[in-house]
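All chains are named by letter (A, B, ...) in the order of the sequence lines, taking the proteins before the strands, and each is independently numbered beginning at 1. Because only heavy atoms are used, hydrogens play no part in the values below, and waters and symmetry mates are left out as well, while side chains stay in.
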Protein chains: 2
Amino acid sequence: MGADERVTERSQPARAYDRAVPQDRQVTIITVAERAGVSKTTASDALRGSGRVSEETRRLVVGVAEELGYVPNDSARHLRRARTGAIGLHLPEVLPRSDYYMSFVFGAVQAAADHGYDVTLLTSGTGVAPSRSPRVDGLVLGDPLADDPVVDKLMGSALPTVTCERYSGPGEPDGVVWSDHGAALQTLLGHLSDAGARRPALIVPGDESDWAASVHRAYREWCGQRGVALITRSVPFDANADATSAAARSLLTDEPQLDALVAAPTSAAATLLPVIREAGRRVGEDLLLASCVDAPALRFADPAITAIDVRPREAGAACAELLFELLTGSAVPGVERIHPIELNVRESTQRRRAA
Amino acid sequence: MGADERVTERSQPARAYDRAVPQDRQVTIITVAERAGVSKTTASDALRGSGRVSEETRRLVVGVAEELGYVPNDSARHLRRARTGAIGLHLPEVLPRSDYYMSFVFGAVQAAADHGYDVTLLTSGTGVAPSRSPRVDGLVLGDPLADDPVVDKLMGSALPTVTCERYSGPGEPDGVVWSDHGAALQTLLGHLSDAGARRPALIVPGDESDWAASVHRAYREWCGQRGVALITRSVPFDANADATSAAARSLLTDEPQLDALVAAPTSAAATLLPVIREAGRRVGEDLLLASCVDAPALRFADPAITAIDVRPREAGAACAELLFELLTGSAVPGVERIHPIELNVRESTQRRRAA
DNA sequence: GCATTTACCTAAAACGTTTAGGCAAATTAG
DNA sequence: CTAATTTGCCTAAACGTTTTAGGTAAATGC
């Protein structure tokens with residue numbers, strides 16, 4: 001810390017913030033009440049539309065509040081109401097998926113803001129220590145991994161919880177938002193089949209995430225039904241380009257009859273292009289290529305890569321929405337909601353003739 | 001919303017959370033005090049190490065608190081102390097940079113957690129409406145863009161603020177964490193020059209971010225000093241692979257004597273490989289390629305691409321740290337801190353002989 | 001032996017809300 | 001015209017902390 005530090009001259013004299021004296025006395029509901037000549041109860045009622053207040057006084061109070069720039073103190077409000085006004089969001093810290101998670105986060109933040117809620121990020125070490133009270137009213141868990149101890153603890157808390165994708169560990173969330181990745185994969189496999197693929201292979205993470213498990217299961221089912229051989233390679237959930245490439249290389253070497261490749265990990269497909277070229281195969285000619293999770297890198301790859309659009313921003317928003325409905329009682333615990341996803345067909349699976 | 005919804009049977013009867021009756025009376029500091037046979041002042045002092053309490057009573061109180069599973073109510077604490085216990089974090093919602101921002105966020109969250117603080121995400125529309133009190137004690141602004149209205153508002157708030165990279169809009173942050181991207185670029189240019197490059201080109205965003213402005217300035221200076229021709233293309237700050245590729249294509253077509261290409265936008269370099277190949281050039285042979293911001297995609301590209309490691313996780317942590325020092329008064333407003341970055345040299349800039 | 005310090009502890013007052021309950025005046029019902 | 005209700009407002013009591021201002025013994029200084 002502070003290896004290289006400098007201080008610039010400032011127009012204002014430096015002042016420490018912790019002892020900063022409020023320049024003007026904070027304007028509270030009492031200030032408003034006094035100025036409007038009513039009691040604080042009436043002021044509170046007038047501002048929040050509760051209780052019984054004549055339209056005339058209500059307008060007066062609102063006017064004064066506006067003029068004074070009154071903003072209610074959340075700590076006081078939350079203390080009184082036993083609420084925190086924030087929801088907690090947990091995501092696995094998996095960098096190769098940051099495209100997906102970043103969109104997810106912004107979706108959740110957006111939805112929360114619409115309801116006047118804040119979003120607090122939880123990672124290992126935050127808000128889970130028993131010595132700290134969870135400063136949130138509910139939890140959203142994105143891609144809860146079965147073997148993540150933090151997820152475990154969070155699921156064990158008494159807070160209302162919504163997961164994105166099912167949780168296969170102990171405990172049940174109060175709400176689940178999930179997408180039918182299995183069906184989507186089967187649609188994709190059908191599409192590959194229509195394009196002439198007979199031997200599709202799958203690169204997929206292990207079953208610690210419900211998403212990967214569904215994809216894997218759907219692949220086995222689809223192949224089983226048509227008597228097609230299973231050709232898969234397993235990679236870690238947080239597989240980087242290196243691991244995925246290695247899996248692809250192994251597939252291309254060991255399975256020469258391979259004619260389609262589906263990579264599950266986010267945007268992995270794009271990093272596979274060089275590997276495929278190296279192996280002497282041509283995407284869109286003698287090898288079809290697709291991904292289970294769409295990403296910008298896939299849309300702009302050359303050739304553009306077919307992928308399933310899992311609409312992460314909307315998923316994040318849907319999770320937050322569901323949590324709010326649980327909090328207000330307009331949804332009952334145990335609810336599941338399906339988040340629609342769709343296949344984006346691109347060049348990489350349109351079979352062209354070899355040039 | 002709720003297009004497809006189902007409710008699963010649950011072992012527990014459904015209960016709405018908003019009216020949930022606390023099963024056991026919340027254990028407060030009063031409970032602890034009573035059980036320990038002391039006043040709540042003493043209990044508070046014993047638990048927080050303030051005031052004068054005999055070691056004996058302190059141990060007693062701590063024991064009781066632990067046994068009862070007491071966790072202090074943050075709303076009450078914050079109300080009393082006029083603090084919120086959270087810091088706000090604003091980032092531009094720029095998807096092509098999600099690798100960088102995700103690391104940045106986790107770094108900040110980690111540092112905040114170490115200090116017992118939460119991190120609340122701010123986006124356009126959150127916490128900025130005048131009708132809402134900012135529920136944070138301070139702000140961290142990552143890559144504040146000069147033309148972002150939300151950043152503008154946040155800078156205008158009275159809260160202590162730290163930016164990552166300088167802010168060129170109105171108002172001064174209380175602290176700045178910045179990296180010497182200019183010097184790093186010049187190191188990179190020197191390295192390219194050593195490897196034989198005579199005509200390095202630069203793809204860089206406009207000057208709305210201080211980062212891009214520094215990079216651009218350093219390039220002009222370096223070229224100016226050596227009498228090397230300026231060859232640049234400008235792209236948007238949130239340039240996706242498409243825009244960057246177009247810029248690269250234009251460079252490769254219009255500037256045939258080009259022998260090195262530096263792409264500023266995060267991981268853009270990786271998506272340039274196909275474009276370069278298409279243009280009939282070979283990376284590492286007749287064209288060197290490098291990026292101003294490292295990313296996983298660059299390390300695993302083929303060939304691996306030289307890049308400047310800006311260490312985003314550490315940068316996020318450093319910003320949060322500095323903010324806490326400002327909050328406690330151990331740093332004075334106006335402070336600047338340099339965050340070290342370094343060049344990762346990889347294959348793409350090691351000139352090989354044409355095969 | 002009296003005044004003073006020290007060590008430990010307590011009572012009470014904030015902090016800014018919301019809410020339960022109450023009391024007049026105004027309105028309606030009978 | 002009286003009784004019951006409704007309306008409009010207010011008082012007071014929470015919510016769970018931290019902090020301020022003591023208060024009582026024992027220990028110390030002179």
Side-chain angles (χ1 to χ4, degrees), chain A residues 18-22 24-62 64-65 68-85 116 131-135 137, chain B residues 18-22 24-61 64-65 68-85 116 132-135 137:
Chain A
D18 60 338
R19 293 290 165 225
V21 186
D24 301 313
R25 190 92 192 122
Q26 158 104 342
V27 30
T28 115
I29 202 168
I30 301 189
T31 330
V32 175
E34 280 172 357
R35 188 86 145 236
V38 299
S39 75
K40 44 178 191 169
T41 304
T42 307
S44 173
D45 284 341
L47 289 173
R48 297 180 314 120
S50 58
R52 288 182 308 222
V53 181
S54 73
E55 185 54 27
E56 192 183 5
T57 9
R58 203 192 67 79
R59 260 201 285 270
L60 170 65
V61 172
V62 168
V64 170
L68 260 49
Y70 166 73
V71 348
N73 179 316
D74 276 313
S75 296
R77 175 174 290 184
H78 296 322
L79 170 58
R80 181 62 232 237
R81 289 194 167 163
R83 299 265 185 92
T84 72
S131 62
R132 286 249 345 253
S133 119
R135 269 193 281 242
D137 297 329
Chain B
D18 61 338
R19 294 290 165 226
V21 186
D24 300 312
R25 189 93 193 119
Q26 159 104 342
V27 31
T28 111
I29 202 168
I30 301 188
T31 329
V32 175
E34 279 172 357
R35 188 85 147 237
V38 299
S39 74
K40 46 179 190 168
T41 305
T42 306
S44 173
D45 283 343
L47 290 173
R48 298 180 312 120
S50 59
R52 285 186 308 219
V53 180
S54 72
E55 185 55 26
E56 193 184 4
T57 13
R58 203 192 67 80
R59 260 202 285 269
L60 170 66
V61 172
V64 170
L68 260 48
Y70 165 74
V71 345
N73 178 315
D74 276 314
S75 296
R77 174 175 291 184
H78 295 322
L79 171 58
R80 181 61 235 235
R81 289 193 167 165
R83 297 268 185 90
T84 71
R132 288 245 347 252
S133 116
R135 270 195 279 242
D137 297 329

If you apply the rule side-chain contact (heavy atoms from CB on, under 4.5 Å), what do you find for B/Tyr70 with B/Ile29, and how did you get there?
CA-CA 7 Å; B/Tyr70 165 74; B/Ile29 202 168; 3.8 Å; yes

Residue pair A/Asn73, A/Thr28: steps toward the side-chain contact (heavy atoms from CB on, under 4.5 Å) verdict
CA-CA 8 Å; A/Asn73 179 316; A/Thr28 115; over 6 Å; no

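- At whole-Å resolution of the value, CZ in A/Arg83 and C1' in C/dG16 are 18 Å apart.
- Considering CZ of B/Arg77 and CZ of B/Arg83, their distance stands at 11.5 Å, rounded to 0.5 Å.
- Rounded to whole Å, atom C1' of D/dT7 lies 14 Å from atom CD of A/Glu56.
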Using nucleotides 6-9 of chain C, report all nitrogen or oxygen pairs with the protein that are shorter than 3.5 Å.
from  : atom 1 : to      : atom 2 : distance (Å)
C/dA7 : N7     : B/Arg52 : NH2    : 3.1
C/dC8 : N4     : B/Arg52 : NH2    : 2.9
C/dC9 : OP1    : B/Thr57 : OG1    : 3.4
C/dC9 : OP2    : B/Ser54 : N      : 3.4
C/dC9 : OP2    : B/Thr57 : OG1    : 2.7

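- Every side chain to side chain donor-acceptor pair (under 3.5 Å) that B/Ser39 has, sequence neighbours left out, goes to B/Thr42.
- Inter-axis angle, ends of the helix from C/dG1-D/dC30 to C/dG30-D/dC1, five pairs per end, rounded to 10 degrees: 40°.
- B/Arg48 places its CZ atom 9 Å from the C1' atom of D/dT19, with the value rounded to the nearest Å.
- Taking the side chain to side chain donor-acceptor pair (under 3.5 Å) definition, one finds that B/Arg81 meets it with nothing, sequence neighbours left out.
- With sequence neighbours left out, the side chain to side chain contact (heavy atoms under 4.5 Å, CB included) criterion links A/Arg35 to A/Val64, A/Glu67, A/Leu68.
- Under 4.0 angstrom from either OP1 or OP2 of C/dT17 there lies no side-chain N or O belonging to A/Ser44.
- Closest to the side chain of B/Thr41, out of C/dC15, C/dT17, C/dA12, is C/dA12.
- In this structure, B/Arg77 does not reach the C/dC15 phosphate: none of its side-chain N or O atoms is under 4.0 Å from OP1 or OP2.
- When rounded to the nearest whole Å, the span between NZ of A/Lys40 and P of C/dA14 equals 12 Å.
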Could you go through B/Ser44 and B/Thr41, starting from their C-alpha distance and side-chain angles, then the distance that decides it, and tell me whether this counts as side chain to side chain donor-acceptor pair (under 3.5 Å)?
CA-CA 5 Å; B/Ser44 173; B/Thr41 305; over 6 Å; no

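- If you take CG of A/Asp74 and P of C/dC15, they are 18 Å apart, rounded to a whole angstrom.
- Going from atom CD1 of B/Ile30 over to atom C1' of D/dA14 covers 11 Å, rounded to whole Å.
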Run B/Thr84 and A/Asp74 through side-chain contact (heavy atoms from CB on, under 4.5 Å) and show every step you take.
CA-CA 9 Å; B/Thr84 71; A/Asp74 276 313; over 6 Å; no

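- Considering only side-chain N and O atoms, A/Arg80 lies nowhere under 4.0 angstrom from the phosphate OP1 or OP2 of C/dG16.
- Residues forming a salt bridge (Lys or Arg N to Asp or Glu O under 4.0 Å) with B/Glu56 (at least two apart in sequence, or on another chain): none.
- Computed from coordinates, the A/Leu79 CG to D/dA13 P distance equals 18 Å when rounded to whole Å.
- One atom, CG of B/Leu47, and another, C1' of D/dT19, lie 16 Å apart when rounded to the nearest Å.
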